[in-house]
Structure formats: C-alpha cells, structure tokens
Amino acid sequence: MNKQAILIMVDTQSATMLQLYNEAGVPCPNISRIAQNGAVFQNGYTVSPVCGPARSALFTGQYPSTNGVWANGQQLGQDIQNAAQRLMPAGVPCAYIGKWHLDGGDYFGKGTCAPGYDPNYWYDMRNFVDELPNDDTRKFSRKNMGSIMFGEIKEEDTYAHRVTERALKYIREHKDEDFFLTVSFDEPHDPSQCPKAFISELNKTGFKIKDYPNTNASLKDKPDIQKMWADAFKIPWPFLKMGFQKGFFPCNYFVDYEIGRILDAIDALKDPMIIYTADHGDMQNAHGLMAKGPAMYEEITHVPYIIKGGPFRNRNITTPVSHIDILPTVMEFFGLQKPRMLEGHSLYSIGDDDSREIYMQFGRFEAEVDGYLGFMPIRSVFDGRYKLNINLFSTDELYDLENDPYETKNLINDKALAKLRDALHDKIIAHQNEIVDPFRGYPWECRPWRKGKKPSFTNAGCTRQRCEDGTTRYDYATGCPVTSEVRAKGMK
C-alpha cells in the first residue's frame with residue numbers, strides 16, 4: 001500500500017483562534033475534519049514566533065540556532081538539509097506548494113524551487129506575484145482587507161485558491177504513489193484578503209472577537225523590550241478589533257474552506273497521514289502588543305497541531321509537543337530512521353499526558369531591517385504548566401499557565417517557586433549545551449535571581465560532533481576522531 005503524507009499549514013494562527021480549541025474562536029469545520037478520528041495536541045508550540053525561524057525548524061528538524069535562520073530574510077545554509085533532502089534519497093517524492101520564506105529573499109521569496117522538491121509543482125509567493133498581469137493587479141493583491149475597502153476579491157485571484165488548485169492537481173496525479181506533500185498557505189496573514197461572501201458567512205455564524213483578561217493588559221514587571229514594542233504600536237484597540245473582525249477572521253474562515261477542498265481530494269487516498277499546524281500566532285493586542293516579536297506569550301507560540309493517521313487516531317493529547325518533532329514523525333511514518341542531526345523526536349510513542357518539556361527561541365525579527373528592537377535573544381522552556389523565558393537583555397519571566405492562563409503575573413521573583421524556576425533554568429542551559437547553541441554563554445546562567453552562579457571562561461566546556469551520520473570530525477589536540485563522550489578539559 002502506498003504511503004502518503006500531507007502537511008497543511010497556514011501563516012499567523014494561534015490555537016485559540018479556532019473554535020476547535022476555544023469556544024469563542026472562529027468556526028473551522030474543515031480543520032475539525034482532520035481532528036475527527038485523529039489526534040488533537042492541546043499543547044502544540046512553534047519553535048520561534050517569527051515566520052522564517054519557525055519554518056526553518058519545522059522543515060529541517062533543527063533549531064534556528066543550528067540551521068542558521070534565526071531571523072526573517074536568512075537562507076538555509078548549504079549544509080542544512082530540508083525535509084525533501086531527507087526523504088528523497090529514501091525514495092519518497094516530495095512536493096512543496098505555497099509560502100516558503102527560507103531562501104534569503106524578500107517576503108515573496110525568489111521563485112526558485114528548494115532542493116529536493118519537485119520543481120514542476122513549486123509555487124511560492126514570488127511565482128504568484130510574477131504571474132499577475134501588471135502592477136495594478138499586484139498592488140490590488142496586497143491591499144489590506146481589500147475585499148472590504150478596495151472592491152471585490154474573486155476566489156480565483158487569491159493566493160490561497162491558486163495554492164489549492166496546484167495541491168489538487170498533485171494529489172490527483174500521484175494518488176497511486178508514495179509522496180510527502182506540503183501545502184503552505186500565506187493566509188490569514190496580512191493582507192488577509194478573501195471574497196466578500198466569507199465575511200457575510202462568518203457574520204451569520206455569530207462570531208465576534210472576544211476581549212480577554214490580558215487584552216491591553218499592564219506590562220508592569222514585564223521586560224522593557226515589551227514596553228518599547230507596545231509604545232511602537234499605539235493604535236486604538238476598537239479600531240483594530242473592527243479590522244480583525246472584518247478582515248483577518250473572515251480570511252481564517254476562507255482558508256478553512258480552501259483546506260476543505262484539499263481534504264475532499266485526500267478522501268480518495270488510502271489511510272494517509274495528515275498534519276495541520278500554523279507557523280505562529282498574532283498578539284492581537286494581548287498585553288498591548290501587536291503582530292509577533294520578542295516574546296513567548298501563548299498568543300504567538302501556542303499553535304494548532306493536529307495529526308491524523310498512523311498511531312494518531314481518536315486521541316486528545318496534552319503532552320507538550322513542538323514543530324521540531326514534525327520531521328522526525330514524518331520520517332518514522334515512511335519507515336526511516338531519524339538522523340542524529342535532527343533535534344526533535346518522533347511523536348509515534350508519545351503518551352496522551354506525558355511529562356515533557358519543549359523549547360523555544362527568538363533571535364531577531366528581520367536580518368536586514370532594523371526593526372522590532374533588533375537582536376533580542378530569548379530562550380524559553382515550557383513543561384505543560386510552567387513557562388520560563390530568559391530575555392538575555394531584559395527582565396526574565398515565569399508563568400504558571402494553570403493558574404494564570406493569560407500570563408498576566410510574572411512570577412520570576414516568587415520565592416515559593418524558586419526551586420522550580422531554577423530547575424527549569426537548568427534545563428534551558430542543558431538544552432543549549434545539548435544542541436550546541438552558538439549563542440550560549442555565562443549571561444544565560446548568571447541571572448539576577450539565580451544565586452550561586454558565577455561567570456566561567458569555559459562555560460560547560462562541551463565538545464561534540466555536529467556532523468551528519470557517516471562523517472567524522474577530528475579533535476585538534478589529538479588528531480583522533482571526536483566522539484559524543486569527549487569533553488574539553490579547559491585551559492591550564
């Protein structure tokens with residue numbers, strides 16, 4: 001029997017935006033179809049709340065600090081293998097249709113097929129704008145919420161529709177073959193264009209954006225970087241809320257419809273694996289912040305995460321999982337062993353309520369544009385209840401999501417939680433050493449609230465092999481092969 005896996009993803013959608021995760025969310029009948037008889041991960045997280053870094057981790061199985069894409073506008077290195085380069089040598093054809101954002105180009109990309117993927121089906125956003133007939137139509141395609149203020153948007157003129165059409169063609173033409181297909185929508189990301197019919201249809205459902213306890217909440221005791229971020233986006237919430245109601249959420253409804261068209265075609269396949277997620281969310285004025293940036297709040301890190309097929313049937317899983325786990329899971333689906341360079345783990349053997357930590361990173365927003373505060377490194381750990389964020393240049397944060405799901409109270413200096421906080425801190429440091437985070441160093445350890453930590457010239461002093469399976473690195477001091485057990489002894 002053929003093995004077929006389809007990864008469907010959108011851009012800018014938190015878990016709580018969907019009715020599947022939140023009663024007050026936008027209706028998502030087709031995304032809910034994936035959840036039926038599948039596994040809904042209640043604690044699914046992006047690796048980084050920025051498009052490029054998030055996608056880099058999802059499609060390489062390596063953290064941004066490893067794969068080199070720690071900001072938008074950066075390209076995957078030539079020695080970094082994407083999902084197709086992992087699967088194609090094993091005989092699994094791969095196609096990618098939609099937004100890529102990992103070629104070092106501008107927002108739209110370069111229009112060039114990434115290595116390993118089928119060039120006959122490649123269709124990134126540069127391909128889309130290049131096929132539009134003139135500059136007027138290109139400008140119209142970028143009008144924010146254009147279906148409301150700038151005239152009628154036809155379904156066939158949207159990027160979502162054209163991505164779907166190509167995905168349908170691929171599925172029809174390869175229904176009797178093995179394949180791994182990625183369908184990557186730009187929607188509902190701004191400009192959130194969709195046909196007017198979806199605005200009126202969403203209104204008929206009674207959906208209204210709900211204010212939450214952290215909507216425009218105080219940033220007292222929060223990092224200074226967040227206060228600067230909030231000051232940069234002082235747009236009245238009622239005005240923004242109206243825009244989200246009339247543009248962004250109808251676009252969520254629209255992309256759910258396009259996903260439904262793909263699911264109709266997938267129904268003809270025999271027991272495929274279907275994965276659904278989003279690269280990150282949007283703050284939507286929670287804590288007075290907009291879009292995404294240097295923070296680890298639930299609004300931008302907690303994403304929809306659904307898998308159907310294989311062992312993922314009729315399950316509700318609360319164990320924390322990360323995008324870093326998707327590629328290892330896909331590889332196991334195709335019967336392939338995970339290379340040691342992949343830093344996540346297959347979810348095949350995960351329990352519904354296991355004790356587990358996931359890790360997140362932030363480097364900067366854009367590599368070339370000096371906005372969103374520039375280089376603002378963050379390392380974060382979440383264990384299913386507590387989230388610790390180390391903001392290297394600012395105040396650190398600790399949240400108890402069980403008692404404070406909206407992350408309004410920073411507990412970093414709470415003495416009652418000092419032991420737990422320090423244990424999570426140790427896990428972040430150990431994880432940095434495990435993945436050989438190039439940004440690691442004593443400032444991550446020597447925090448104002450962490451007593452007894454002293455700067456060290458050598459830090460952990462770890463030397464590890466960071467090359468692909470089948471290759472060998474030689475130790476400079478001995479000329480002998482380096483193994484994972486070797487540790488530098490420091491300078492004498």
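Counting begins at 1 with the first residue of the sequence. Here the structure is a predicted model, which means the values were calculated and not measured.
When each of Asn214, Asp282, Leu289 is paired with Glu299, the side-chain contact (heavy atoms from CB on, under 4.5 Å) condition holds for Asn214 and for no other. Each of Glu357, Glu397, Glu298 was evaluated against Lys387; a single residue qualifies, Glu298, per the salt bridge (charged side-chain N to carboxylate O under 4.0 Å, His left out) test. Among Arg447, Arg421, Lys222, the single residue meeting the salt bridge (charged side-chain N to carboxylate O under 4.0 Å, His left out) criterion with Asp396 is Arg447.
Checked against the 6.0 Å centroid criterion, the rings of Phe185 and Tyr159 do not qualify as a close aromatic pair.
Cation-pi check for Arg126 over Phe108 is not met; the charged atom does not lie both under 6.0 angstrom from the ring centroid and within 45 degrees of its normal.
Once rounded to the nearest 0.5 Å, the distance linking SG of Cys28 with CD1 of Ile306 reads 7.0 Å. Taken to the nearest 0.5 Å, the CD1 atom of Ile300 stands 9.0 Å off from the NE2 atom of His280. With rounding to the nearest 0.5 Å, the separation of CD in Gln284 from CG in Leu240 is 9.5 Å. The distance from the CG atom of Asn37 to the CG atom of Asn314 is 4.5 Å, given to the nearest 0.5 Å. Going from atom CE of Met290 over to atom CG of Asn285 covers 6.0 Å, rounded to the nearest 0.5 Å. The distance from the OG1 atom of Thr318 to the CG atom of Asn43 is 6.5 Å, given to the nearest 0.5 Å.
Donor-acceptor pairing under 3.5 Å is recorded for the side chains of Glu155 and His161. Side-chain contact annotation: Glu258 with Thr164, donor-acceptor N/O pair under 3.5 Å present. Remark: the Asp404 side chain and the Thr408 side chain contain an N/O donor-acceptor pair separated by less than 3.5 Å. Between the side chains of Tyr212 and Asn22, at least one donor N or O sits under 3.5 Å from an acceptor N or O. The closest side-chain donor-acceptor pair between Gln62 and Asn67, if any, does not fall under 3.5 angstrom. Arg379 and His431 share no side-chain donor-acceptor pair at under 3.5 Å. At a cut-off of 3.5 Å, with distance as the only test, no side-chain donor of Thr60 or Asn82 sits close to an acceptor on the other residue. A donor atom on one side chain and an acceptor atom on the other are not found under 3.5 Å apart for Gln193 and Ser141.
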Start with the C-alpha gap between Asp383 and Arg356, add the side-chain angles, then the distance that decides, and say whether salt bridge (Lys or Arg N to Asp or Glu O under 4.0 Å) holds.
-> CA-CA 6 Å; Asp383 68 0; Arg356 188 175 193 251; over 6 Å; no

Step by step, would you call Trp449 with His425 a ring-ring contact (aromatic ring centres under 6.0 Å, His included)?
-> CA-CA 11 Å; Trp449 42 265; His425 184 215; 4.8 Å; yes

Verdict with supporting geometry, Arg450 and Asp426, salt bridge (Lys or Arg N to Asp or Glu O under 4.0 Å) | CA-CA 10 Å; Arg450 189 68 193 268; Asp426 289 341; 2.9 Å; yes

Determine, step by step, whether Phe333 and Tyr348 satisfy the ring-ring contact (aromatic ring centres under 6.0 Å, His included) criterion, reporting the C-alpha distance in whole Å, the side-chain angles of both residues, the deciding distance to 0.1 Å, and the verdict.
-> CA-CA 8 Å; Phe333 174 76; Tyr348 260 61; 7.3 Å; no

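Aromatic ring orientation, His189 versus Tyr107: tilted (interplanar angle from 30° to 60°). Ring pair Trp100/Tyr96 is perpendicular by interplanar angle, where above 60° counts as perpendicular and below 30° as parallel. Ring orientation note: the planes of His302 and Tyr45 are close to parallel, at an angle under 30° on the 30°/60° scale. Using cut-offs of 30° and 60° on the angle between ring planes, the pair Trp70 and Phe375 is perpendicular. By the 30° and 60° cut-offs, the orientation of the rings of Phe207 relative to Phe249 is tilted. Using bins of under 30°, 30° to 60° and over 60° for the plane-to-plane angle, the ring pair Tyr399/Tyr297 lands in the tilted bin. Ring geometry for Phe244 against Trp237 counts as tilted: the plane angle lies between 30° and 60°, on a 0 to 90° scale.
One N or O on the side chain of Arg166 and one on the backbone of Arg162 form a donor-acceptor pair closer than 3.5 Å. Between the side chain of Arg315 and the backbone N or O of Phe312 there is no donor-acceptor pair closer than 3.5 Å.
Ile6 and Pro272 make their closest contact through CD1-CB, 4.0 Å (heavy atoms, listed as atom of the first residue, atom of the second, distance). In plain terms, the two heavy atoms of Ala83 and Leu327 that are nearest each other are CB-CD1, 3.7 Å.
Here the side chains of Cys51 and Asp11 are in contact, with some heavy-atom distance below 4.5 Å.
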